[in-house]
Enquirer: 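The structure's right below; bear with me while I get my questions together.
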Amino acid sequence: MAKIGVVLVSHSEYIATGLRELVNEMNDGSVPVIAAGGADGGRIGTSTIKIQEAIESIEDCDHILIYADLGSSILSAETAMDIIDEDLAEKVQIVDAPIVEGALAGVVQATISDDVDEVIRVSENARDVHKV
(Lines give C-alpha, C1' and ligand atoms only; values in the text may rest on other atoms or scores of the structure.)
Protein backbone atom coordinates (compact mmCIF):
# COMPACT_ATOMS: atom_id res chain seq x y z
CA MET A 1 0.00 0.00 0.00
CA ALA A 2 1.24 3.46 -0.91
CA LYS A 3 1.47 5.99 1.89
CA ILE A 4 0.67 9.00 -0.30
CA GLY A 5 -1.52 9.17 -3.38
CA VAL A 6 -2.10 12.11 -5.71
CA VAL A 7 -5.15 13.35 -7.62
CA LEU A 8 -4.63 15.89 -10.41
CA VAL A 9 -7.66 18.11 -11.04
CA SER A 10 -7.73 20.33 -14.10
CA HIS A 11 -10.41 21.93 -16.22
CA SER A 12 -8.83 20.08 -19.13
CA GLU A 13 -8.72 16.31 -19.38
CA TYR A 14 -5.62 16.72 -21.56
CA ILE A 15 -3.80 18.81 -18.97
CA ALA A 16 -4.59 16.34 -16.18
CA THR A 17 -3.53 13.27 -18.18
CA GLY A 18 -0.49 15.04 -19.61
CA LEU A 19 0.60 16.13 -16.15
CA ARG A 20 0.14 12.57 -14.86
CA GLU A 21 2.40 11.40 -17.69
CA LEU A 22 4.98 14.07 -16.82
CA VAL A 23 5.10 13.41 -13.07
CA ASN A 24 5.18 9.66 -13.59
CA GLU A 25 8.48 10.11 -15.45
CA MET A 26 9.91 11.02 -12.03
CA ASN A 27 7.81 8.53 -10.06
CA ASP A 28 9.35 5.22 -9.09
CA GLY A 29 5.88 3.68 -9.11
CA SER A 30 5.35 4.00 -5.37
CA VAL A 31 2.99 6.98 -5.63
CA PRO A 32 -0.33 6.40 -7.37
CA VAL A 33 -1.20 9.43 -9.52
CA ILE A 34 -4.76 9.74 -10.80
CA ALA A 35 -5.93 12.30 -13.38
CA ALA A 36 -9.39 13.78 -12.85
CA GLY A 37 -9.63 16.39 -15.55
CA GLY A 38 -12.40 17.86 -17.63
CA ALA A 39 -16.15 17.84 -17.32
CA ASP A 40 -18.54 15.17 -18.53
CA GLY A 41 -18.59 14.54 -22.24
CA GLY A 42 -15.00 15.74 -22.70
CA ARG A 43 -15.94 19.37 -22.14
CA ILE A 44 -13.73 21.93 -20.42
CA GLY A 45 -14.66 22.14 -16.75
CA THR A 46 -14.50 19.96 -13.67
CA SER A 47 -16.54 17.02 -12.47
CA THR A 48 -17.14 16.36 -8.80
CA ILE A 49 -17.95 12.74 -9.68
CA LYS A 50 -14.63 12.25 -11.53
CA ILE A 51 -12.79 13.67 -8.53
CA GLN A 52 -14.78 11.51 -6.12
CA GLU A 53 -14.02 8.38 -8.17
CA ALA A 54 -10.33 9.32 -8.37
CA ILE A 55 -10.11 9.71 -4.59
CA GLU A 56 -11.97 6.45 -3.99
CA SER A 57 -9.70 4.61 -6.43
CA ILE A 58 -6.72 5.24 -4.12
CA GLU A 59 -8.56 5.02 -0.80
CA ASP A 60 -5.99 2.51 0.50
CA CYS A 61 -3.40 5.30 0.69
CA ASP A 62 -2.74 6.85 4.10
CA HIS A 63 -2.87 10.35 2.60
CA ILE A 64 -4.37 11.67 -0.63
CA LEU A 65 -3.17 15.01 -1.97
CA ILE A 66 -5.16 16.97 -4.53
CA TYR A 67 -3.40 19.37 -6.89
CA ALA A 68 -5.82 21.62 -8.77
CA ASP A 69 -5.57 24.33 -11.39
CA LEU A 70 -8.25 27.06 -11.18
CA GLY A 71 -10.93 28.24 -8.75
CA SER A 72 -13.82 25.97 -9.61
CA SER A 73 -11.56 22.92 -9.58
CA ILE A 74 -11.03 23.67 -5.89
CA LEU A 75 -14.80 23.96 -5.37
CA SER A 76 -15.38 20.65 -7.16
CA ALA A 77 -12.64 18.98 -5.09
CA GLU A 78 -14.15 20.33 -1.87
CA THR A 79 -17.58 19.09 -2.93
CA ALA A 80 -16.12 15.64 -3.68
CA MET A 81 -14.57 15.64 -0.21
CA ASP A 82 -17.99 16.44 1.25
CA ILE A 83 -19.73 13.50 -0.42
CA ILE A 84 -17.17 10.75 0.16
CA ASP A 85 -17.04 8.62 3.27
CA GLU A 86 -16.06 10.70 6.30
CA ASP A 87 -13.09 8.46 7.21
CA LEU A 88 -11.77 8.74 3.66
CA ALA A 89 -12.29 12.51 3.59
CA GLU A 90 -10.04 12.85 6.65
CA LYS A 91 -7.14 11.52 4.55
CA VAL A 92 -7.62 14.04 1.72
CA GLN A 93 -5.98 17.47 1.47
CA ILE A 94 -5.95 20.09 -1.24
CA VAL A 95 -2.41 21.38 -1.73
CA ASP A 96 -2.00 25.14 -2.21
CA ALA A 97 0.62 24.93 -4.92
CA PRO A 98 0.96 25.54 -8.66
CA ILE A 99 -0.42 22.42 -10.29
CA VAL A 100 2.53 21.55 -12.55
CA GLU A 101 5.51 22.51 -10.41
CA GLY A 102 3.78 21.55 -7.16
CA ALA A 103 2.61 18.14 -8.31
CA LEU A 104 6.00 17.30 -9.81
CA ALA A 105 7.87 18.33 -6.65
CA GLY A 106 5.32 16.58 -4.44
CA VAL A 107 5.42 13.28 -6.29
CA VAL A 108 9.22 13.27 -6.32
CA GLN A 109 9.29 14.00 -2.59
CA ALA A 110 6.67 11.32 -1.90
CA THR A 111 8.89 8.73 -3.59
CA ILE A 112 11.58 9.38 -0.97
CA SER A 113 9.55 10.37 2.10
CA ASP A 114 6.34 9.23 3.78
CA ASP A 115 6.14 12.53 5.69
CA VAL A 116 3.03 14.13 4.19
CA ASP A 117 3.76 17.51 5.80
CA GLU A 118 7.17 17.54 4.10
CA VAL A 119 5.61 16.57 0.76
CA ILE A 120 3.12 19.43 1.08
CA ARG A 121 5.86 21.90 2.10
CA VAL A 122 8.01 20.93 -0.90
CA SER A 123 4.96 21.26 -3.17
CA GLU A 124 4.08 24.69 -1.83
CA ASN A 125 7.70 25.86 -2.12
CA ALA A 126 7.59 25.05 -5.83
CA ARG A 127 5.81 28.38 -6.37
CA ASP A 128 9.11 30.09 -5.57
CA VAL A 129 11.11 28.34 -8.29
CA HIS A 130 12.30 30.91 -10.78
CA LYS A 131 12.61 29.99 -14.42
CA VAL A 132 14.91 32.80 -15.49
Enquirer: In terms of hydrophobic clusters joined by side-chain contacts under 4.5 Å, are Leu22 and Val119 together?
Expert: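 In one cluster with Leu22: Val119, yes.
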Enquirer: Kindly work out whether a path of hydrophobic side-chain contacts (I/L/V/M/F/W/Y, heavy atoms less than 4.5 Å apart) joins Ile49 to Ile84.
Expert: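 Cluster IDs for Ile49 and Ile84 differ.
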Enquirer: Go through the side-chain N and O atoms of Asp69 and Ser10 and say whether any donor and acceptor fall under 3.5 Å apart.
Expert: yes
Enquirer: Quick one: list whatever passes side-chain contact (heavy atoms from CB on, under 4.5 Å) with Ala80, sequence neighbours left out.
Expert: Thr48, Ile51, Gln52, Ile55
Enquirer: When you group the ILVMFWY residues by side-chain heavy-atom contacts below 4.5 Å and let the links chain together, are Leu19 and Leu65 in the same group?
Expert: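 Hydrophobic grouping puts Leu65 with Leu19.
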Enquirer: Holding to side-chain contact (heavy atoms from CB on, under 4.5 Å), I want the full list of residues that pass it with Leu70, two or more places apart in sequence or in another chain.
Expert: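 Leu70: side-chain contact (heavy atoms from CB on, under 4.5 Å) contacts with His11.
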Enquirer: What's in the same ILVMFWY side-chain cluster as Tyr14, cut-off under 4.5 Å, chained through other members?
Expert: none
Enquirer: Would a 4.5 Å heavy-atom cut-off, applied to side chains only, mark Val7 and Tyr67 as touching?
Expert: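 They are not in contact (no side-chain heavy atoms under 4.5 Å apart), so the answer is no.
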Enquirer: Are Met81 and Ile83 grouped together when hydrophobic residues (ILVMFWY) are joined by side-chain heavy atoms under 4.5 angstrom apart?
Expert: no
Enquirer: With the 4.5 Å side-chain cut-off for hydrophobic clustering, are Leu8 and Ile120 part of the same group?
Expert: yes
Enquirer: Can you name the residues that form a side-chain hydrogen bond (donor to acceptor under 3.5 Å, both in side chains) with Asp114, not counting sequence neighbours?
Expert: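 Applying side-chain hydrogen bond (donor to acceptor under 3.5 Å, both in side chains) to Asp114 gives none.
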Enquirer: Show every donor-acceptor pair shorter than 3.5 Å between a side-chain atom in residues 34-46 and any protein atom, with sequence neighbours excluded, or say none if there are none.
Expert:
| unit_1 | atom_1 | unit_2 | atom_2 | d |
| --- | --- | --- | --- | --- |
| Arg43 | NH1 | Asp40 | O | 3.1 |
| Thr46 | OG1 | Ser76 | OG | 2.6 |

Enquirer: Asn24: what forms a side-chain contact (heavy atoms from CB on, under 4.5 Å) with it, not counting sequence neighbours?
Expert: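 side-chain contact (heavy atoms from CB on, under 4.5 Å) check on Asn24 returns Arg20, Asn27, Val33.
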Enquirer: I'd like a table of donor-acceptor pairs (distance under 3.5 Å, sequence neighbours excluded) in which one partner is a side-chain atom from residues 88-103, with atom names and distances.
Expert:
| unit_1 | atom_1 | unit_2 | atom_2 | d |
| --- | --- | --- | --- | --- |
| Lys91 | NZ | Glu59 | O | 2.4 |
| Lys91 | NZ | Cys61 | O | 2.9 |
| Asp96 | OD1 | Arg127 | NH2 | 3.2 |
| Glu101 | OE2 | Lys131 | NZ | 2.5 |

Enquirer: Take atom CD of Glu21 as the centre, draw a 6.0 Å sphere, and report whether it contains more than 12 heavy atoms from other residues, nucleotides or ligands.
Expert: no
Enquirer: Search all heavy atoms of Ile74 against all heavy atoms of Ala68 and return the closest pair with its distance.
Expert: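 Looking at all heavy atoms of both residues, the shortest contact is CD1-CB, 3.6 Å.
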Enquirer: Are any side-chain N or O atoms of Ser72 and backbone N or O atoms of Leu75, one a donor and one an acceptor, separated by less than 3.5 Å?
Expert: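 It does not hold such a pair.
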Enquirer: Who pairs with Ser113 by side-chain contact (heavy atoms from CB on, under 4.5 Å), at least two apart in sequence or on another chain?
Expert: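 Ser113 satisfies side-chain contact (heavy atoms from CB on, under 4.5 Å) with Gln109, Asp115, Glu118 once adjacent residues are dropped.
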Enquirer: If every non-hydrogen atom of Pro32 is compared with every non-hydrogen atom of Ile58, which pair is closest and at what distance?
Expert: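 It is CB-CG2, 3.8 Å.
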Enquirer: Any chance you could measure Glu13, atom CD, to Ser47, atom OG, to the nearest 0.5 Å?
Expert: 10.5 Å
